[in-house]
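The structure appears right after this line, and notes come after that.
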Amino acid sequence: MAAAAASPPPPSTAHENKKKPEEERDVNNMAQAEVTNVFNLQDQEEAVTKMLQSTSMGQYYLGQTKMEDFFIPDRTYVPHNKYAEEEEEGAGGGDELPVLDFSVATESPSSKKTENGGEPNPQQHHQDYATRKQALISQLLEAAESWGFFGVVNHGISLELISRMQAHAHRFFQLPLQEKLKGSPNGSLLYSYTTGSVDVLPTKWWNESLQLIWTQEQVQLFCDRIVWSQDHHDAHYNPNSFREDFLEFTAALGELGRRIMGLLAEGLGLHPDAFNRHFRAESQSTLRLNYYPPCPHPDKIEGMYEHSDASLISILHQDQVGGLQILRNGKWVGVRPDPASFVVNIGEIVMLMSNERFSSVVHRAVANSSEARLSMVFFCVPVHEDVLTVAEGLIDATHPARFTPFNWGDYLKILWKKDRPDYYRPGKTSSTKTSGEEEVDNKES
């Protein structure tokens, strides 16, 4: 993975270390009070304790780390709400994320009516449809090759469903800590609630997350553990609505992912299923809800560290607060929030299979000191056992395969390593798991 260009450290703020800001003391006090409640529970599970002790926010809640332990020296800081048009003229402005109209991808070649509601001329409509589809494919290829990111509007997913999922997420993250911890991953529940970054990472993140595999079984296991109604305001909340909306949302995102990957494959001259044949119902694709509480030092602390995604593609929705930033031409570019759009990025798996025709770009999440931020990201991932290779149609005498075959299960073993794709370049060893390393889960973006 690429790394952000280092910049000089921010101006000295030594006075901040003499006395913590009022809001920082409030964060400490509330966290300590909630953790005391957790550990007063006699049935506290060992797995929950282990999770808290091995994650950044968990350690902070336990009093095992200080705010200063989150600080990153020489961090390149760009405010969460600074976007391309605010750049000074001549300083690289104009880096606005391309946004693609996907309306043609949500209709069939024969479904569109004329403006007055009549039946179109079949031949004329087919030509119009083909022209618009090819235009979209051209725009998609340009964005995937030059940006590795793009926005999608008219995607076919209802704004009402998106709003309901955001409401579910806020409801969950506002629960008491001891209630959220009941949803920690253990036993049959493979993914779930976590508090920040894991110990193997070089930086500590200021966030909480809820990540679930998109199957009914996994979502039900999670729902069975959580008591959603905490007071009379929630008395009429139906916990089943979380499960139903989660499954509807992930199914819709999965369909959108298939459309995108099908068009990407067509643009490369491949069969439309070149990527999609590895993205099946039995894959452990997940939806991750990211919650970034207000942070007293957003200039020194990461909401989520810089990384590229170990996925086929990832599909993200962010709220109006902003904070997603892309590393482009050596500088961080903010992605402007739009409640009607999704942000899609090329994952490392599609990058590998495209023989690096497409780019998987480094990005990060920036916290802020005034308001919480919520994002929802769906990771389209391959089936564990499938052998993944560079598509044959992209290999010839002048374009040899840049990567050796591998499978997703093997890729997970190096998930927290830098430059993961380099492990599969010709001449590199195929053994990717060194002695003493444990397999860890896909918990990025």
Side-chain angles (χ1 to χ4, degrees), residues 105 137 140-141 144-145 148-150 152 190-191 211-215 217-218 247 250-288 307-316 342 344-361 377-395 399 401-415 420-426 430 432-433 439-445:
I137 290 175
L140 189 59
L141 285 182
E145 291 175 348
F149 268 81
F150 48 90
V152 172
L190 303 180
Y191 293 78
Q211 184 169 2
L212 295 171
I213 296 175
W214 65 332
T215 65
E217 176 192 17
Q218 287 290 300
L247 294 173
T250 53
L253 289 169
E255 181 58 31
L256 176 59
R258 290 186 187 93
R259 289 174 181 152
I260 292 169
M261 288 188 282
L263 293 174
L264 287 170
E266 286 189 59
L268 293 174
L270 305 174
H271 190 281
D273 285 338
F275 304 130
N276 280 328
R277 64 191 179 93
H278 301 293
F279 175 54
R280 305 193 298 276
E282 62 266 34
S283 78
Q284 292 190 350
S285 297
T286 59
L287 178 67
R288 178 182 170 102
H307 65 281
S308 54
D309 287 352
S311 61
L312 288 159
I313 63 172
S314 305
I315 306 174
L316 176 140
F342 286 95
V344 180
N345 63 286
I346 302 297
E348 292 169 0
I349 306 304
V350 161
M351 181 192 76
L352 295 173
M353 295 181 68
S354 73
N355 215 22
E356 289 189 300
R357 277 284 302 274
F358 301 146
S359 302
S360 183
V361 174
V377 57
F378 183 67
F379 298 102
C380 300
V381 303
V383 173
H384 269 58
E385 297 77 17
D386 281 12
V387 175
L388 306 168
T389 63
V390 175
E392 289 185 7
L394 303 178
I395 303 172
H399 301 92
R402 297 186 179 187
F403 302 97
T404 56
F406 63 99
N407 67 41
W408 171 245
D410 287 339
Y411 209 74
L412 283 178
K413 298 173 184 177
I414 57 169
L415 189 63
R420 288 177 297 242
D422 288 345
Y423 279 71
Y424 294 99
R425 294 190 184 276
S430 61
T432 59
K433 190 173 183 180
E439 182 174 337
V440 291
D441 296 325
N442 179 30
K443 292 182 168 62
E444 290 191 345
S445 284

message: Checking the side chain of N407 only, and the main-chain atoms of D410 only, is there a donor and an acceptor separated by less than 3.5 Å?
response: yes

| said: Is it the case that the side chain of N355 and the backbone of V390 share a donor-acceptor pair, with hydrogens and angles ignored and the cut-off at 3.5 Å? | reply: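 No, N355 side chain to V390 backbone: no donor-acceptor pair under 3.5 Å.
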
Checklist line | Aromatic ring pairing F406/Y411, orientation class (parallel under 30°, perpendicular over 60°, tilted between) | finding: tilted

Between [atom1] on residue [X] and [atom2] on residue [Y], distance to nearest 0.5 Å:
{"X": "L140", "Y": "E145", "atom1": "CG", "atom2": "CD", "answer": "9.5 Å"}
{"X": "S354", "Y": "L270", "atom1": "OG", "atom2": "CG", "answer": "9.0 Å"}
{"X": "I137", "Y": "L264", "atom1": "CD1", "atom2": "CG", "answer": "9.0 Å"}
{"X": "L287", "Y": "L253", "atom1": "CG", "atom2": "CG", "answer": "6.5 Å"}
{"X": "E266", "Y": "H271", "atom1": "CD", "atom2": "NE2", "answer": "9.0 Å"}
{"X": "L352", "Y": "S360", "atom1": "CG", "atom2": "OG", "answer": "8.5 Å"}

Where [X] and [Y] come nearest, the two heavy atoms and their spacing:
{"X": "D309", "Y": "S314", "value": "OD2-OG, 2.8 Å"}
{"X": "L312", "Y": "M261", "value": "CB-SD, 3.8 Å"}
{"X": "C380", "Y": "G257", "value": "SG-CA, 4.3 Å"}

Note to self: Walk me through whether R420 and L415 qualify under side chain to side chain contact (heavy atoms under 4.5 Å, CB included).
What the structure shows: CA-CA 7 Å; R420 288 177 297 242; L415 189 63; 3.9 Å; yes

Check whether any side-chain heavy atom of [X] lies under 4.5 Å from a side-chain heavy atom of [Y], and answer yes or no.
{"X": "F378", "Y": "L256", "answer": "no"}
{"X": "F358", "Y": "L268", "answer": "yes"}
{"X": "Y424", "Y": "I414", "answer": "yes"}
{"X": "R288", "Y": "Y191", "answer": "no"}
{"X": "W408", "Y": "H278", "answer": "no"}

Requested in this report: Only counting residues at least two apart or in another chain, list the ones meeting side-chain hydrogen bond (donor to acceptor under 3.5 Å, both in side chains) with S285.
Outcome: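 Residues passing side-chain hydrogen bond (donor to acceptor under 3.5 Å, both in side chains) with S285: S283.
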
| message | Using a 6.0 Å cut-off, check whether atom CD of E217 has over 12 heavy atoms from anything other than its own residue. | response |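 Counting other residues, nucleotides and ligands, CD of E217 stays at 12 neighbours or fewer.
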
Does anything in residues 383-393 pair up under salt bridge (charged side-chain N to carboxylate O under 4.0 Å, His left out), and if so which pairs, sequence neighbours excluded?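 Of all non-adjacent pairs touching residues 383-393, those that pass salt bridge (charged side-chain N to carboxylate O under 4.0 Å, His left out) are R280-D386.
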
Worksheet entry | From CA spacing to verdict: side chain to side chain donor-acceptor pair (under 3.5 Å), S308, E348 | CA-CA 7 Å; S308 54; E348 292 169 0; 2.5 Å; yes

